[in-house]
A.B. asks: 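Pasting in a structure now, in structure tokens, and then I'll have a few things to ask.
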2 protein chains.
Amino acid sequence: MNQAVSEEHARRLSRLDIEAIEMFISFLKLIGLPKSVGEIYGLLFVSSQPLSMDDLIEKLQISMGAASQGLKLLRSVGAVKVVYTPGERRDHYVADLELSKFAASFIKEELNPRMQRALERIERMEKEALLMEEPEKAVAFQRIERLKHWMERGQKMMPWILRFLVS
Amino acid sequence: MNQAVSEEHARRLSRLDIEAIEMFISFLKLIGLPKSVGEIYGLLFVSSQPLSMDDLIEKLQISMGAASQGLKLLRSVGAVKVVYTPGERRDHYVADLELSKFAASFIKEELNPRMQRALERIERMEKEALLMEEPEKAVAFQRIERLKHWMERGQKMMPWILRFLVS
DNA sequence: CAGAGATTTCAATAAAAAATGAACAAGCGC
DNA sequence: GCGCTTGTTCATTTTTTATTGAAATCTCTG
């Protein structure tokens, strides 16, 4: 991780750039985003001007494909905006500084769908448990109760977290 | 994901088992835990008796290594307890039903260390920014302020979440 | 509207992460 | 202490995920 950004890149990346990039690689990995996305966002975050895809490819030494896909993802999450630079052919990109967008997207794309599926699953589990014989049956229902309890807890917490983030 | 648990296993796993296992595979993956850990915890969670490592290997069709390491991890997190069964040679394991342990461990093992490193990084970033020339300098400090703001926000939120989980 | 530049897509490749299984160690009962 | 059962470790293999790069597509602009 300390050598996440190699010497080669240092030619064009400042130390500030590198610190920011490593920081975002580390945090975005936490929510399952690949290194290249962390690199792109990190660099845009510290850059004082908008950067073109070419700038990113050159400074970060990543491929066209990675740059294009990374930007696509970051745009879809609202973490990066396109800036139309008049007289410039290529699009330029800036970081939206609202970091909550990552968390919000994680909740919306990863957490909520799973909770939805979990609720369906719990219903099926209850149906299965009804068919069981008695010593195990009671245990099964107790465990399923537990799951429901945690789901409710999660669902109560989520809007609170979102409000806190957006504030 | 639908075929996460193959037909072969179904011979010995009930439908209830499979639902629980798939559910935990899905949630634990979210915090970066491998499938085998989800399988083990899921099965222990619905099982009405303590299970030995051999039971897990047989029912889940996983290797000794995976079982041993998975149990080690789950024990270290407090999500699984050893039950000494008198007269039995092998150790038996039960799931601790307190699901908050996963979240607490994630915060402790993954989130907090990163935040710590991020704080150090921010200090270094401020030192670097001091050396910059003026138009960029102001921008750099503005961005660094942002980072600090989010760090503080995160640090304020964390104890609250933990309290909520443990309650 | 032709053609160059810019971007996207996606099959192939590389890198990272997880699972296997055999060698090793620990612990129990005789 | 010896032999057997149980549990751990770790180098190797397998699986999964991310990256590359070349072909296809889109889009300005002259």
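Everything numeric in this text was worked out from a predicted model, so none of it was measured.
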A.B. asks: Can you check whether any acceptor in the base of D:dT5 is under 3.5 Å from a donor in the side chain of B:Arg90, or vice versa?
C.D. replies: no
A.B. asks: Between D:dT5, C:dA4, D:dT20, which nucleotide has the shortest distance from any of its atoms to the side chain of B:Arg89?
C.D. replies: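 Comparing D:dT5, C:dA4, D:dT20 against the side chain of B:Arg89, the answer is D:dT5.
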A.B. asks: For B:Asp54, answer base if it contacts any base atom (sugar-phosphate contacts may also be present), sugar-phosphate if it contacts only those atoms, and nothing otherwise; contact means non-hydrogen atoms under 4.0 Å.
C.D. replies: nothing
A.B. asks: Heavy-atom count check: over 12 atoms from other residues, nucleotides or ligands less than 6.0 Å from A:Lys108 NZ?
C.D. replies: no
A.B. asks: Among D:dA22, C:dA22, D:dC28, which is the nearest nucleotide to the side chain of B:Met64?
C.D. replies: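 Comparing D:dA22, C:dA22, D:dC28 against the side chain of B:Met64, the answer is C:dA22.
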A.B. asks: So for atom CD, which belongs to B:Gln142, do other residues, nucleotides or ligands contribute more than 12 heavy atoms lying within a distance under 6.0 Å?
C.D. replies: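 It does: B:Gln142 CD has more than 12 such atoms within range.
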A.B. asks: Within the pair B:Ser36 and C:dA19, is there a side-chain N or O less than 4.0 Å away from OP1 or OP2?
C.D. replies: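 Looking at the OP1 and OP2 atoms of C:dA19, one of them is under 4.0 Å from a side-chain N or O of B:Ser36.
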A.B. asks: Quick check on DNA chain D: between A:Gln69 and B:His92, whose nearest nucleotide comes earlier from the 5' end?
C.D. replies: B:His92
A.B. asks: Assess the pair A:Phe102 and A:Tyr41: is the distance between their ring centroids shorter than 6.0 Å?
C.D. replies: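 Distance test on ring centres: under 6.0 Å, yes.
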A.B. asks: OP1 or OP2 of D:dG7 less than 4.0 angstrom from a side-chain nitrogen or oxygen of B:Arg75, does that happen here?
C.D. replies: no
A.B. asks: Could you check whether B:Ser52 gets within reach of a base, just the sugar-phosphate, or nothing at all, counting any heavy atom under 4.0 Å?
C.D. replies: nothing
A.B. asks: Just to be sure I understand the rule, does A:Leu71 reach a base, reach only the sugar-phosphate, or reach nothing, if contact means heavy atoms closer than 4.0 Å?
C.D. replies: nothing
A.B. asks: With DNA chain D as reference, determine whether A:Gly32 or A:Gly65 sits nearer its 5' end, using the nearest nucleotide of each.
C.D. replies: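 So the residue in question is A:Gly32.
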A.B. asks: How is B:Ser68 classified with respect to the nucleic acid when contacts are heavy atoms under 4.0 Å: base, sugar-phosphate, or nothing?
C.D. replies: base
A.B. asks: Using a 6.0 Å cut-off, check whether atom CD of B:Gln155 has over 12 heavy atoms from anything other than its own residue.
C.D. replies: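 Yes, CD of B:Gln155 has more than 12 neighbouring heavy atoms, counting only those of other groups under 6.0 Å.
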A.B. asks: To the nearest Å, give me how far apart CG (B:Leu33) and P (C:dA17) are.
C.D. replies: 14 Å
A.B. asks: Is the phosphate of C:dT9, meaning OP1 or OP2, less than 4.0 Å from a side-chain N or O of A:Lys72?
C.D. replies: yes
A.B. asks: If you check every side-chain atom of A:Ser63, which of C:dT20, D:dA23, D:dT20 has the closest atom?
C.D. replies: D:dT20
A.B. asks: For the residue pair A:Met157 and B:Trp160, what are the closest heavy atoms and their distance?
C.D. replies: CE-CZ3, 4.4 Å
A.B. asks: What's the closest nucleotide to the B:Pro34 side chain, out of C:dT7, D:dG7, C:dA18?
C.D. replies: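 Of the candidates, C:dA18 comes closest.
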